[in-house]
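Inspection log for the structure reproduced underneath, given as structure tokens.
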Amino acid sequence: MKYRRFGQTGWDLSEIGYGMWGMAGWTGSEDAESLVSLQKSIDLGCNFFDTAWAYGDGHSEELLGKALRANPGKKLYVATKVPPKNRRWPSRRDFSLDVSYPPEYVFEYLDRSLKNLGAESLDLIQYHTWEDKWLDDPRTVRTIEQLRASSKVRAVGISLNRWEPWNGIRAVKSGLIDAVQVIYNIFDQNPEDELFPACRVHNVGVIARVPFDEGSLTGTLTMDSNWPANDWRSTYFVPENLRPSVEHADALKPLIPAGSNMAEMALRFILNNRDVATIIPGMRKQRHVDENIAAGDKGPLAAALHAELRKHRWDRQPTNWSQ
Ligand SMILES: NC(=O)c1ccc[n+]([C@@H]2O[C@H](COP(=O)([O-])OP(=O)(O)OC[C@H]3O[C@@H](n4cnc5c(N)ncnc54)[C@H](OP(=O)(O)O)[C@@H]3O)[C@@H](O)[C@H]2O)c1
């Protein structure tokens, strides 16, 4: 495992971090399997774990708490998120701070997350949705400063809405935040335009999330893929999205190097970008932990393949199913 500096925090995060949504939110999760996978990742050098109160109303945080207690001698970085008070993902331009993150509510949820984790402090607290216009409300600045000054968190970040990397650039430039979490993968290269350069200048740590585009970049989806009605993916991969997602993924298949696979290529593509500190693939199966950490060990892709993949950028706009 290799490590990269995480902005101004000075932390060295594993290039392959751990996304913990699926294990407490997607159908087909087994806690026992998730815990074995978490332990496997720790044994292989993973030290960054991204969870959220909203992942199973604290269940993902509880699983992480168990993993922390099972590894008392290791420094494992814990990142969680405060859910928006109105429970609406993504936020919309007309959502006020009061319906989303009133100050006392943010502190209440920090305490709830700590309780779920069984910890007295955590490393990174993130706003689970974000609107740059909230910076116009002085309470936002005050809340973030109070969070960072408290003994309960060490750093504060924002998790940007899907396909809105522009809606966080003011926050990055404000010097107020330590980290951004953004979707960045072979399709979603748009953070490179303005967000990453701003992060570089202001030394804000970048967490690349959804490296597999929720599944299409594993190369395993087909036009017939479907999920139980209570699985979030059934509302995301609606026909209007599934069809073009499979087509765009299929177009990548001829580019997969011999002996490799699409998931490995997708992760290594992200490693080519030095603005990214850590990538957080969602993983429940131990096999996926092994494969993704092995992909990290192989390092960035050869320049020619990386250049070819850059042509597969796919700019999308938020819509009613995109969430
Ligand atoms: N608003 C936000 O802040 C927000 C939104 C979305 C995600 N996130 C964070 O980002 C993380 C990653 O995103 P995600 O989990 O939504 O999507 P993702 O990482 O793009 O995809 C996860 C899917 O890929 C599968 N997978 C993992 N490794 C694989 C491999 N080597 N080969 C084939 N399939 C593989 C997983 O399977 P298994 O699970 O069965 O192992 C899972 O079905 C989340 O877990 C969460 O921590 C944050």
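Numbering of ligands and ligand atoms starts at 1, following listing order. Just so you know, residue 1 is the first one in the sequence shown, and it goes up from there.
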- [ ] With heavy atoms of Ala263 as the reference, note each atom of ligand 1 found under 4.0 Å away.
- [x] 30 (C), 31 (N), 32 (N)
TODO: Examine the side chains of Glu33 and Gln286 and answer whether a donor and an acceptor come within less than 3.5 Å of each other.
DONE: no
Task: Identity and separation of the nearest protein heavy atom to atom 27 (C) of ligand 1 - done: Gly282 O, 3.1 Å
Open item on the list: Below the 3.5 angstrom mark, is there an N/O of Gly22, backbone or side chain, next to an N/O of ligand 1?
Closed with: no
- [ ] May I ask you to check whether Ser159 has an N/O atom sitting below 3.5 Å from an N/O atom of ligand 1?
- [x] yes
Task: Any Val206 side-chain heavy atom under 4.5 Å of Val204 side chain - done: no
- [ ] Just let me know how Glu291 lines up against ligand 1, side chain, backbone, both or neither, with a heavy-atom cut-off below 4.0 Å.
- [x] side chain
Open item on the list: If I take atom NZ from residue Lys85 and atom OG1 from residue Thr129, how far apart are they, to the nearest 0.5 angstrom?
Closed with: 13.5 Å
TODO: Give the atoms of ligand 1, by number and element, whose distance to some non-hydrogen atom of Pro281 is under 4.0 Å.
DONE: 19 (O)
Open item on the list: Counting non-hydrogen protein atoms only, what is the nearest one to atom 47 (O) of ligand 1? Give residue, atom name and distance.
Closed with: Asp50 OD2, 2.7 Å
TODO: Could you tell me whether the side chains of Asp193 and Asn190 share a donor-acceptor contact shorter than 3.5 Å?
DONE: no
- [ ] Report the part of Met23 (side chain from C-beta onward, or backbone N, CA, C, O) that has a heavy atom under 4.0 Å from ligand 1; answer both or neither where that applies.
- [x] neither
TODO: Before signing off on this row, confirm whether Trp26 and ligand 1 have an N or O atom pair separated by under 3.5 Å.
DONE: no
- [ ] Report yes or no: does Arg233 have a heavy atom closer than 4.0 Å to ligand 1?
- [x] yes
Task: Test item: side-chain donor near acceptor, Asn161 and Ser91, under 3.5 Å - done: yes
TODO: Could you check atom 46 (C) of ligand 1 against the protein and tell me its nearest heavy-atom contact, residue, atom and distance included?
DONE: Tyr55 OH, 3.4 Å
Open item on the list: Taking 4.0 angstrom as the limit and counting only heavy atoms of Gly19, give me the atoms of ligand 1 inside it, by number and element.
Closed with: 11 (C), 44 (C), 45 (O), 47 (O)
TODO: Considering heavy atoms of the protein only, find what lies nearest to atom 12 (C) of ligand 1 and give residue, atom and distance to 0.1 Å.
DONE: Ile280 O, 3.0 Å
Task: Met20 N/O under 3.5 Å from ligand 1 N/O - done: yes
Task: Any side-chain heavy-atom pair of Trp21 and Ser60 under 4.5 Å - done: no
Open item on the list: Checking contacts here: is it the side chain or the backbone of Asn292 that comes within 4.0 Å of ligand 1, counting heavy atoms only? Could be both or neither.
Closed with: side chain
- [ ] List the closest protein heavy-atom neighbour of atom 14 (P) of ligand 1: residue, atom name, distance to the nearest 0.1 Å.
- [x] Glu214 OE1, 3.5 Å
Open item on the list: Any non-hydrogen side-chain atom of Arg112 less than 4.5 Å from a side-chain atom of Lys115?
Closed with: no
Task: Heavy-atom donor-acceptor pair, Asn47 side chain to Ser14 backbone, under 3.5 Å - done: yes
TODO: Would you kindly confirm whether Val246 and Tyr236 end up in one hydrophobic cluster when ILVMFWY residues are joined by side chain heavy atoms under 4.5 Å apart?
DONE: yes
- [ ] Tell me which one of Gln323, Arg209, Lys285, Lys81 gets a heavy atom nearest to atom 7 (C) of ligand 1.
- [x] Arg209
Task: Between Phe196 and Tyr184, ring centroids under 6.0 Å - done: yes
- [ ] Consider only side-chain heavy atoms of I, L, V, M, F, W and Y, link residues closer than 4.5 Å, and tell whether Phe48 and Val78 are in one cluster.
- [x] no
Task: For Thr218, the ligand 1 atoms whose distance to one of its heavy atoms is below 4.0 Å - done: 24 (O), 33 (C), 34 (N), 35 (C)
Open item on the list: Which residue and atom name correspond to the protein heavy atom nearest atom 44 (C) of ligand 1, and how close is it?
Closed with: Trp21 CB, 3.7 Å
Open item on the list: Between Asp213 and His248, do the side chains contain a donor N or O and an acceptor N or O under 3.5 Å apart?
Closed with: no
Task: Trp89-ligand 1 polar pair, N/O distance under 3.5 Å - done: no
TODO: Would you mind running through ligand 1 and noting each atom that sits below 4.0 Å from a heavy atom of Asp213?
DONE: 20 (O)
TODO: Give yes if a backbone or side-chain nitrogen or oxygen of Tyr18 is under 3.5 Å from a nitrogen or oxygen of ligand 1, and no if not.
DONE: no
Open item on the list: With salt bridge (charged side-chain N to carboxylate O under 4.0 Å, His left out) as the criterion, how do Arg243 and Glu240 come out once you've worked through the C-alpha distance, each side chain's angles and the decisive distance to 0.1 Å?
Closed with: CA-CA 6 Å; Arg243 200 175 313 108; Glu240 192 184 338; over 6 Å; no
TODO: Give the residue, atom name and distance (to 0.1 Å) of the protein heavy atom nearest atom 33 (C) of ligand 1.
DONE: His288 NE2, 3.4 Å
- [ ] State plainly whether one hydrophobic cluster holds both Phe187 and Val182, where clusters connect Ile, Leu, Val, Met, Phe, Trp and Tyr through side-chain heavy atoms under 4.5 angstrom apart.
- [x] yes
Task: Heavy-atom side-chain contact between Phe237 and Ser225 under 4.5 Å - done: no
TODO: Would you kindly specify which portion of Ala52 sits under 4.0 Å from ligand 1, judged on non-hydrogen atoms: side chain, backbone, both or neither?
DONE: neither
TODO: Enumerate the atoms of ligand 1 whose separation from the nearest heavy atom of Met283 is less than 4.0 angstrom.
DONE: 39 (O), 41 (O)
Open item on the list: Please list, in number order, the atoms of ligand 1 under 4.0 Å from a heavy atom of Pro211.
Closed with: 19 (O), 20 (O)
Task: Check: His288 ring centre within less than 6.0 Å of Phe212 ring centre - done: no
Task: For atom 24 (O) of ligand 1, the protein heavy atom that lies nearest, with its residue and separation - done: Phe212 CD1, 3.6 Å
Open item on the list: If the cut-off is 4.0 Å to any non-hydrogen atom of His128, which atoms of ligand 1 fall inside it?
Closed with: 1 (N), 2 (C), 3 (O)
